[in-house]
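Note on naming: letters A, B, ... go to the chains in the order of the sequence lines (proteins, then strands), and numbering restarts at 1 for each one.
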Amino acid sequence: MWAKSLDISRRFAAAAALAALAVTASPALAQLKSVEIMAPANPGGGYDQHARAMQQVMQELNLATGVQVVNVPGAGGTIGLSQFVTGKKRGNGLMITGLGMIGATLINKSPVSLEQVTPLARLTGEYQPIIVSAESPLKTMDDLVAKFKADPGSVSWGGFAVGSPDHILYALIVKAVGGDVSKMNYIAAGAGGEMLAAVMGGHITVVTGGYNEFAAQLKEGKLRALAISSPERLPGIDVPTLKEQGVDVELVNWRAVVASGDIKQADLKTLDGAMGKMVASPQWKAIAAERGWVDSYLPAKDFAGFLQDEQTRIKSVLDELGLLKK
Amino acid sequence: METLVALSSGFAVAMTPYNLMWSALGVTIGTAIGVLPGIGPALTLALLLPVTYGLEPVSAFIMFAGIYYGAMYGGSTTAILLNTPGESGSIVTAIDGHAMARQGRGAQALATAAIGSFIAGTIATLALTFVAPLMVKLALLFGPAEYFALMVLALTTVTAVLGASLSRGLASLFFGLALGLVGIDLQTGQARLTFGILELLDGIDTVIVAVGLFAIGETLYNAARYRFEKEEIYALKGSKWMGKEDWKRSWKPWLRGTALGFPIGALPAGGSEIPTFLSYLVEKRLSKHPEEFGKGAIEAVAGPEAANNASAAGTLAPLLSLGLPTSATAAIMLAAFQQYGLQPGPLLFDNNPDLVWGMIASLYIGNALLLLLNLPLVGLWVKLLVIPRPWLYAGILVFATLGAYTLNNNVVDLIILWIIGLIGFGMRVLDVPVAPCVVGLILGPLAEQQFRRALAISQGDPTVFFTHPLSLGLLITAALLVLVPVVLKARQNRREQDAQAQI
């Protein structure tokens, strides 16, 4: 099992951390008591699914007892975050977070931010396809870019919310092809089903989201993927990357788990080890495969660095979109 | 024909004692969570999802479907008896349902809701069996312009709940519209009327407002008058069964409610509130007793309840045939499909016929089980109203408060609930109707979003609303719904004046 997890993470830091843990952790220490995982969203969404998958796997692996999930929805996770930062922790408080939360805290001018929590582990990522209806005349990214350049307003870019990963991906694409980001006609097209129906019915030019949200419709030929935001082609998914088509953009909508800001080093170490065991387990991999989550595990230390960089990147994109004006 | 064969094999799957047990368990859990405000079917399914991992997919989905239908059923019970709608689909039911309960006709209100739900659920399941693909085609025709027109049409419902005074009714409507503005503007990301309070960023939950205005406001008002008035008895008067007149006045609303609920439920942005509003409006317009509406008209319970349940079946149409989740509950069912490695869509019908048809068959069975479960319970539920008044009031307040908290696990919701409750109390004292406020709050933001999306897509060209035939048709219907009664009334007045002049 250890060797397997090393393969996946392919990172020396992880190897060191896990090896150290394997030596020092006694069985009693390894089992956490009453872990409460906050999903800062409604049941059913990505944050919630991650929280419940963690709950299931941590219990099955006996990594923890009494794992509970609480949903605190609102404002793209900002409300959950503020409760997580300011509230009193009962037991081992964890919270699911992700790329979307960075944008949400900035746009909502949230008084709390991800600086106030302790990064624990990046868990998974989803690459985002650029989707059009099967009847759309657009066949490649070139077609889309040409349409945008001819008449920027004529391309309606549908996504979840303003400042969401969807919005950011579009902005990165438009920037990469030398377009004017401020002329982008972004439509906050609502949640999953509504957005899907809007593109299928031809009401919106392009939409995006997690690949899995569109997998069934793509398979049935009702939708077409022009490109995907991964660095290279994904196994089993016959969609060219943005880069292949000359658009130098990569984006992964990652999901991660964080611990409270004042966590003790020893506890962090135990949790870090538990997360490593969890993501390496066959149970976790099975769930990830079903949901189309790509393993992008980073242990606490690496994730902290990544989070810093990502915050800087998102902030500059949102700034350029004019979304951070006072 | 092929469908019938598939359906009968579906029944064979669903009727095994083992699966019947899961269906019965599902409808019982569903009814229970429907009765509790704040705990919806979405949350329940999310909680059960990991637990059902070991079950056969067919059994799990049979139970999930039972929970979904059961919750729709149970939601009406508290709306009628305690004026506390547990979810937004039963807000309209509370208006006349609770008025009936106060007249001692709570049993009839519960019965018409239960039977209406059964009939609507069964017809809608039939529709799901045979016309789901057609419905889905219709649903895809709806873009933002069409949705906006649909919202405008639904907004005309407000004319049916304005009450005696136009100015008071409009004041209430505008208060609701203003409440609806609170929160982040989705198209620009700007916060509106949030006063720096994070919890207001997502707007004010409609269930909180409905419970605040209906349950808290009304209860405070009744409690305030308790000492000055002779105690009216809410308890049962006469038979607890529906009389001949009740049946006569219920059956058409059941059918019309179903006809509204199923197609609108199948729309990705249709939701469960809009068909209930439209049903209320239609029933009031068609009723021989429009003056009874708001004061305990049985049609106003029968129609919206049927519409609510039919829309629940409607949401399954795009889920099963396209994999489009159109409600929170449908989204979790989609996640459940994925948990079992299944992808909803036409392929699901081919690859897993046992599952799909077993689940559809279980909807018929679940409906029958729900009726069996709920009709005998009516007698038990109405006993709630015999509880001595001070206890009942205290109970409602506690129940409403707990429900509001469980909705989002957020204390700010409680503060909002009680502020709205006090405002509702004030509105009752000043005789301002509360229903227009709820209609405005629910439909205002929806209409605004769709309006702005439509305009953004058309790059600011407002003619989209008139050049799309569906949108134009809906807008004309809306205009007729408002104008025809006014013209008719004016004509009637003139005729009366003429008649008087001749004398």
Side-chain angles (χ1 to χ4, degrees), chain A residues 42-45 48-49 52-53 55-56 59 69-76 78-79 82-83 107-112 151 153-154 156 161-163 167 185-198 200-205 212 215-217 219-220 222 287 289-292 323, chain B residues 40 42-47 49-50 53 139-146 183-191 196 198-199 201-202 267-269 318-319 322-332 334-335 338-341 343-348 408-410 412 449 453 456-457 459-460:
Chain A
N42 273 315
D48 179 64
Q49 286 184 19
R52 290 183 199 278
Q55 175 188 35
Q56 190 184 330
Q59 278 177 337
V69 173
V70 270
N71 293 89
V72 183
T78 317
I79 301 201
S82 95
Q83 272 199 19
I107 289 201
N108 298 339
K109 302 182 177 64
S110 160
V112 292
D151 179 4
S154 72
S156 44
V162 169
H167 197 175
N185 190 3
Y186 183 73
I187 315 282
E194 217 181 320
M195 196 199 296
L196 262 171
M200 272 190 197
H203 305 287
I204 286 185
T205 320
N212 225 33
Q217 291 79 16
K219 211 180 281 170
E220 284 158 20
K222 293 206 159 59
I287 295 179
E290 275 161 22
R291 308 272 158 88
L323 290 171
Chain B
L43 181 66
T44 313
L45 293 194
L47 285 174
L49 210 50
Y53 199 69
L140 291 184
L141 290 179
F142 270 72
E146 287 77 10
I184 282 197
D185 168 42
L186 286 180
Q187 296 304 330
T188 60
Q190 292 300 308
L198 266 187
E199 280 76 5
L201 283 174
D202 265 2
L267 294 178
L319 177 68
L322 280 183
L324 293 186
T326 59
S327 67
T329 315
I332 298 195
L334 185 67
Q338 285 164 354
Q339 169 177 303
Y340 290 109
Q343 267 306 348
L347 297 179
L348 188 67
N408 294 320
N409 292 326
N410 208 323
V412 178
Q449 273 316 313
R453 262 181 222 163
I457 292 172
Q459 301 182 59

For the interface with chain B, which of [options] has the highest count of heavy-atom pairs at distances below 4.5 Å?
| options | value |
| --- | --- |
| A:His203, A:Arg291, A:Gln217, A:Lys219 | A:His203 |
| A:Thr205, A:Asn212, A:Asp48, A:Val112 | A:Asn212 |
| A:Val72, A:Val69, A:Asn108, A:Ile287 | A:Asn108 |

> Which bit of B:Ala456 is near chain A, if near means a heavy-atom gap under 4.5 Å: side chain, backbone, both or neither?
Replying inline: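 For B:Ala456, heavy atoms of backbone and side chain both lie under 4.5 Å from chain A.
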> By a 4.5 Å heavy-atom criterion (distance strictly below it), what part of B:Leu186 contacts chain A: side chain, backbone, both, or neither?
Replying inline: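 Contact with chain A: backbone and side chain both.
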> So which heavy atom on B:Pro268 is nearest to which on A:Glu194, and how close?
Replying inline: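 Looking at all heavy atoms of both residues, the closest pair is CB-CA, 4.0 Å.
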> What's the shortest heavy-atom distance between A:Asn185 and B:Gln459, and which atoms?
Replying inline: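 Minimum heavy-atom contact is ND2-CG, 4.2 Å.
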>> Using 0.5 Å steps for rounding, measure from the CG atom of B:Leu198 to the OG1 atom of A:Thr78.
In response: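 B:Leu198 CG to A:Thr78 OG1: 6.5 Å, rounded to 0.5 Å.
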> Who pairs with A:His167 by ring pair (Phe, Tyr, Trp, His ring centres under 6.0 Å), at least two apart in sequence or on another chain?
Replying inline: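 A:Tyr186.
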>> Between A:Gln56 (side chain only) and A:Ala53 (backbone N and O only), is there a donor and an acceptor less than 3.5 Å apart?
In response: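 Not confirmed, A:Gln56 side chain does not pair with A:Ala53 backbone.
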